[in-house]
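All chains are named by letter (A, B, ...) in the order of the sequence lines, taking the proteins before the strands, and each is independently numbered beginning at 1. Excluded from the calculations below are hydrogen atoms, water molecules and symmetry mates; all remaining heavy atoms, backbone and side chain alike, are included.
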Amino acid sequence: MNKPIVRFAPSPTGYLHIGGARTALFNWLYAKKNGGKFLLRIEDTDLERSKSEYIDQITDALSWLGFDWNDNVILQSKNKSRHEEVVNHMIQAGTAYRCFLSKEELDALRKESEKKKELFRVPKTYRDYSLEQHQALIDEGKSFTVRLKIPDGITEFTDLVYGTIKVNNKELDDFIIARSDGSPTYNFVVAIDDSDMNISHVIRGDDHLANTPKQILVYKALGLTLPTFAHLPMILGSDKKRLSKRHAATNVQEYKEKGFTATAMINYLSLLGWNPDSDQEIFNINELVGAFNFSQVQKKPATFDEKKLLWVSGQQMAQIEVSTVIKEIEILDSSWGVNQDSKYKNDVIALVKDRSKTLNDIIEVSDVFFKEDISHNEEMSKKILDDSSIQIITDLHEALNIEDNWRKDTLESIFDNLMTQHELGLGKLIKPVRFALTGLGYGPGIFDMIILLGKDRCLNRLSKAVKL
RNA sequence: GGCCCGUUCGUCUAAUGGUUAGGACUCAUGGUUUUCAUCCAUGCAAUAGGAGUUCGAUCCUCCUACGGGCUACCA
């Protein structure tokens, strides 16, 4: 088998959203798994809506995810003359024809059919006109579109996900391949470009499933070799509607900013609409490449569930190396940990990492170790720092102040004394102490934390908390 | 309206012509951690509905319902 060539073909009318990322992922996985090529084509022919800044956003997001594409980015708009050339060729060859029906005429006919509750079909008035007749009408100054001459018969193809799809060509109008301004339409150019790029596998969202027969008809009219098609089910929001801007976060970039690693995103996305045929849920990229298979891709749409994403992210966080975490965080927040000793940074991350679900969780907690001054939420202060808590903190301050052996065992005995002194369990002691020390209601083990913070910081914070 | 696609716990999914319909997330409860998180255990929870084929259908067929997509001189 030849090495597959696949492509991801977003239109630059917005940022890269979750659905697009999943499509890109499956393309990329398939290419990687089979030693093929993953190409990137930007479908920027809709001049009204396409913006170059979106191209940058999309390529940035793809790079962040690690979907490195082969060759240069292909801009569809650059293929304009090629598209026009093919249209002309098809007119000459008789596989397409000029249609002189105006948009207004068609709209009127469409409305009429609707009124009569009849099925509307584009009239094939000009289908069999000769090229001379075309010229005569052009000379009259009539404008025209170009339509594909769809033959009788059945168009059938085997989708890697959906199986055999069959459509009677009668259901299809002679659709427009070039508008009256000469610009080619989507279902036409996509076929030409995919063919020109030698795409072997067209992997895309299933919103394109119904258009596939039209594209196949273009391939056939030109005698081109058909690619294999694989359509992916949609990703839905929690309301079961197609994921769109109405939903909370659909932009890949937003998830990056929320502190999810690319690995976690990819891991979660891979599980939407695909299963590894095993109970494994946590994958690194290589495992995913090895396991991916179209036979395990679902046909039904999947709902995006941020709760599960968080869980996947937490699982990934437990496996990720401290040095990697530091790199990732520094990419995310360049001000993080500046002027901090690198051994200290390592220790902080090692302490905090396993109880964090996202990089942002880590950033939040690690702040406590980097900043001299921490803030205490007023409401929580009132709730936690009652008289007995203040007494505990005062006593602890006193004991720590005269303790020079800053070790776990000495700290433990200090807390033992406090426990007997106040007749409280360790849990009751920890809560106010942690709050005094960090301003947080959660965090790493208390002894580890005290050791890492160091004596000065601990004493300062304890005495500050007493005054709150 | 027409065409195409789909429908298993709330969510992601597994299974097979014969299972107590399995796992994961969420949620609840308990345990571990003398805190929180993690972790572990237990529990709640599903084959859209109706016909047919069959000794037996979640699985095969048909119908209905529901959902999605396409049906544009958008991509």
Side-chain angles (χ1 to χ4, degrees), chain A residues 9-13 43-46 48-50 76 99 101-103 106-107 110 113-114 116-122 143-147 159 161-163 165-168 170-173 175-187 189-190 205-214 231 233-234 236 238 240-242 268 271-282 296 298-312 314-315 317-318 352 354-357 361 365 415 419 424-435 440-446:
Chain A
S11 57
T13 54
E43 308 212 321
D44 58 344
T45 46
D46 184 349
E48 299 276 303
R49 295 193 299 152
S50 296
Q76 188 162 63
C99 171
L101 292 164
S102 72
K103 190 170 182 359
L106 284 167
D107 285 346
R110 211 185 317 260
S113 309
E114 251 169 61
K116 290 195 217 153
K117 301 219 163 157
E118 283 173 2
L119 189 59
F120 175 74
R121 286 270 98 106
V122 173
S143 74
F144 61 88
T145 58
V146 180
R147 292 182 182 274
D159 188 275
V161 174
Y162 286 92
I165 308 271
K166 229 190 257 186
V167 174
N168 194 320
K170 272 188 233 154
E171 306 292 343
L172 274 15
D173 277 321
F175 65 93
I176 291 176
I177 61 173
R179 305 181 184 91
S180 46
D181 66 359
S183 64
T185 59
Y186 172 75
N187 282 311
V189 292
V190 78
D206 81 2
D207 46 341
H208 294 283
L209 192 60
N211 277 328
T212 304
K214 293 184 183 178
H231 287 89
M234 299 277 98
L236 311 177
S238 50
K240 295 285 171 195
K241 298 269 195 246
R242 190 174 167 172
Y268 176 65
L271 262 21
L272 277 184
W274 173 79
N275 78 80
D277 206 18
S278 76
D279 280 346
Q280 188 175 354
E281 304 233 47
I282 302 305
Q296 302 298 130
Q298 296 300 313
K299 295 186 182 73
K300 71 159 187 174
T303 306
F304 188 83
D305 179 13
E306 195 163 330
K307 287 235 175 79
K308 183 131 187 185
L309 202 211
L310 262 177
W311 176 79
V312 168
Q315 297 291 309
M317 205 55 82
V352 159
D354 288 356
R355 55 219 309 143
S356 303
K357 289 199 192 307
D361 289 351
V365 178
F415 273 80
M419 277 160 71
L424 285 171
L426 184 58
K428 298 282 180 196
L429 297 184
I430 286 176
K431 214 172 183 186
V433 170
R434 158 175 285 126
F435 182 70
L440 299 172
Y442 55 90
I446 196 80

key: Separation of the P atoms in B:A57 and B:U29, to the nearest angstrom   = 41 Å
key: By ring pair (Phe, Tyr, Trp, His ring centres under 6.0 Å) - contacts of A:Phe415 (at least two apart)   = A:Phe447
note = A:Asp305 atom CG is separated from B:U11 atom P, nearest whole Å, by 10 Å
inquiry  = What's the gap between B:C60 and B:G18 when it is taken at their C1' atoms, as a whole Å value?
reply    = 15 Å
ask   = Taking atom P in both B:C63 and B:G10, what distance in whole Å separates the two?
value = 28 Å
ask   = Does any nucleotide pair with B:U53 by Watson-Crick or G-U wobble geometry, both distances under 3.5 Å, and what is it?
value = none
key: Selected nucleotide, minimal atom distance to A:Thr303 side chain, candidates B:G2, B:C4, B:C12   = B:C12
query = What nucleotide, of B:C39, B:U11, B:C5, holds the atom closest to the side chain of A:Tyr162?
reply = B:C5
note = From CG of A:Leu310 across to P of B:C27 the rounded distance in Å is 11 Å
Test item: side-chain donor near acceptor, A:Asn187 and A:Thr185, under 3.5 Å = no
d(CE, A:Met419; C1', B:U35) in whole Å = 12 Å
request  = Assign A:Gly443 to base, sugar-phosphate, or nothing according to its heavy-atom contacts below 4.0 angstrom with the strands shown.
outcome  = base
inquiry  = For a quick check, tell me whether the side chain of A:Arg434 and the base of B:U35 share a donor-acceptor pair closer than 3.5 Å.
reply    = yes
request  = For B:G1, give its Watson-Crick or G-U wobble partner with both distances under 3.5 Å, or none.
outcome  = B:U71
inquiry  = Could you work out, with salt bridge (charged side-chain N to carboxylate O under 4.0 Å, His left out) as the rule, every residue matching A:Lys299, not counting sequence neighbours?
reply    = none
inquiry  = Run the ring pair (Phe, Tyr, Trp, His ring centres under 6.0 Å) test against A:Phe144 and tell me which residues pass, sequence neighbours left out.
reply    = A:Phe100
task = Let me know the distance between CZ of A:Arg355 and P of B:A37, rounded to the nearest Å.
result = 9 Å
ask   = Which is true for A:Gln280 with a 4.0 Å heavy-atom rule: it touches a base, it touches only sugar-phosphate, or it touches nothing?
value = nothing
Backbone N/O of A:Glu43 and side chain of A:Tyr186: donor-acceptor pair under 3.5 Å = no
query = Residues two or more places apart in sequence or in another chain: which of them pass ring pair (Phe, Tyr, Trp, His ring centres under 6.0 Å) with A:Phe175?
reply = none
request  = Would you please name every residue forming a salt bridge (charged side-chain N to carboxylate O under 4.0 Å, His left out) with A:Asp107, sequence neighbours left out?
outcome  = A:Lys103, A:Arg110
task = Could you tell me the separation between the CG atom of A:Leu101 and the CG atom of A:Leu106, rounded to the nearest 0.5 Å?
result = 5.0 Å
message = Measure CG/A:Leu426 against P/B:C36 and give the value in whole Å, please.
response = 11 Å
Below 4.0 Å: OP1/OP2 of B:U8 and any side-chain N or O of A:Lys300 = yes
query = Roughly, in whole Å, what's the span from NZ in A:Lys431 to C1' in B:U34?
reply = 15 Å
ask   = Heavy atoms under 4.0 Å, any strand shown: does A:Leu272 hit a base, just sugar-phosphate, or nothing?
value = sugar-phosphate
ask   = According to the Watson-Crick and G-U wobble definitions, with both distances under 3.5 Å, which nucleotide is paired to B:A28?
value = B:U42
task = Look at A:Gln298 and B:U11 and indicate whether a side-chain polar atom (N or O) is within less than 4.0 Å of OP1 or OP2.
result = no
request  = Give none if B:A15 has no partner; otherwise give the nucleotide forming a Watson-Crick or G-U wobble pair with it, both distances under 3.5 Å.
outcome  = none
ask   = Is there a donor-acceptor pair closer than 3.5 Å between any side-chain N or O of A:Asp44 and the backbone N or O of A:Ser50?
value = no
message = Please report the distance, rounded to the nearest Å, between NZ in A:Lys117 and P in B:G1.
response = 9 Å
ask   = Which one is paired to B:U20, where only Watson-Crick or G-U wobble pairs with both distances under 3.5 angstrom count?
value = none
query = Is there a Watson-Crick or G-U wobble partner for B:G6 with both distances under 3.5 Å, and which nucleotide is it?
reply = B:C66
request  = To the nearest Å, give me how far apart CZ (A:Phe435) and C1' (B:A37) are.
outcome  = 18 Å
query = How far does CG of A:Leu424 sit from CE of A:Met419, to the nearest 0.5 angstrom?
reply = 9.0 Å
ask   = When the P atoms of B:G30 and B:G68 are considered, how many whole Å apart are they?
value = 41 Å
request  = Could you run through nucleotides 58-75 of chain B and give me one letter per nucleotide, 5' to 3': B if any protein heavy atom sits under 4.0 Å from the base, S if only the sugar-phosphate is that close, - if neither?
outcome  = ----------SBSSSBBB
task = Please state the P separation for the pair B:G52 and B:U42 - nearest whole angstrom.
result = 42 Å
ask   = If the P atom of B:A51 is compared with that of B:C59, how far apart are they to the nearest Å?
value = 13 Å
Show each protein N/O and nucleotides 22-24 of chain B N/O combination with a separation under 3.5 Å, one pair to a line.
from: B:A24; atom 1: O4'; to: A:Glu281; atom 2: OE2; distance (Å): 2.8
from: B:A24; atom 1: O2'; to: A:Glu281; atom 2: OE2; distance (Å): 2.4
from: B:A24; atom 1: O2'; to: A:Lys308; atom 2: NZ; distance (Å): 3.1
from: B:A24; atom 1: N3; to: A:Lys308; atom 2: NZ; distance (Å): 3.4

remark   = For B:C59, the nucleotide meeting Watson-Crick or G-U wobble distances (both under 3.5 Å) is none
request  = For B:U8 and B:C66, measure between their C1' atoms and round to the nearest Å.
outcome  = 16 Å
inquiry  = Could you work out, with salt bridge (charged side-chain N to carboxylate O under 4.0 Å, His left out) as the rule, every residue matching A:Arg179, not counting sequence neighbours?
reply    = none
key: Closest-nucleotide 5' rank along RNA chain B - winner of A:Glu171 and A:Gly425   = A:Glu171
ask   = Across the strands shown, which category fits A:Gly205 at heavy-atom distances under 4.0 angstrom: base, sugar-phosphate, nothing?
value = nothing
inquiry  = Going by salt bridge (charged side-chain N to carboxylate O under 4.0 Å, His left out), name the residues that satisfy it together with A:Lys117, two or more places apart in sequence or in a different chain.
reply    = none
task = Considering only atom C1', compute the distance from B:U64 to B:A72 and round it to an integer number of Å.
result = 32 Å
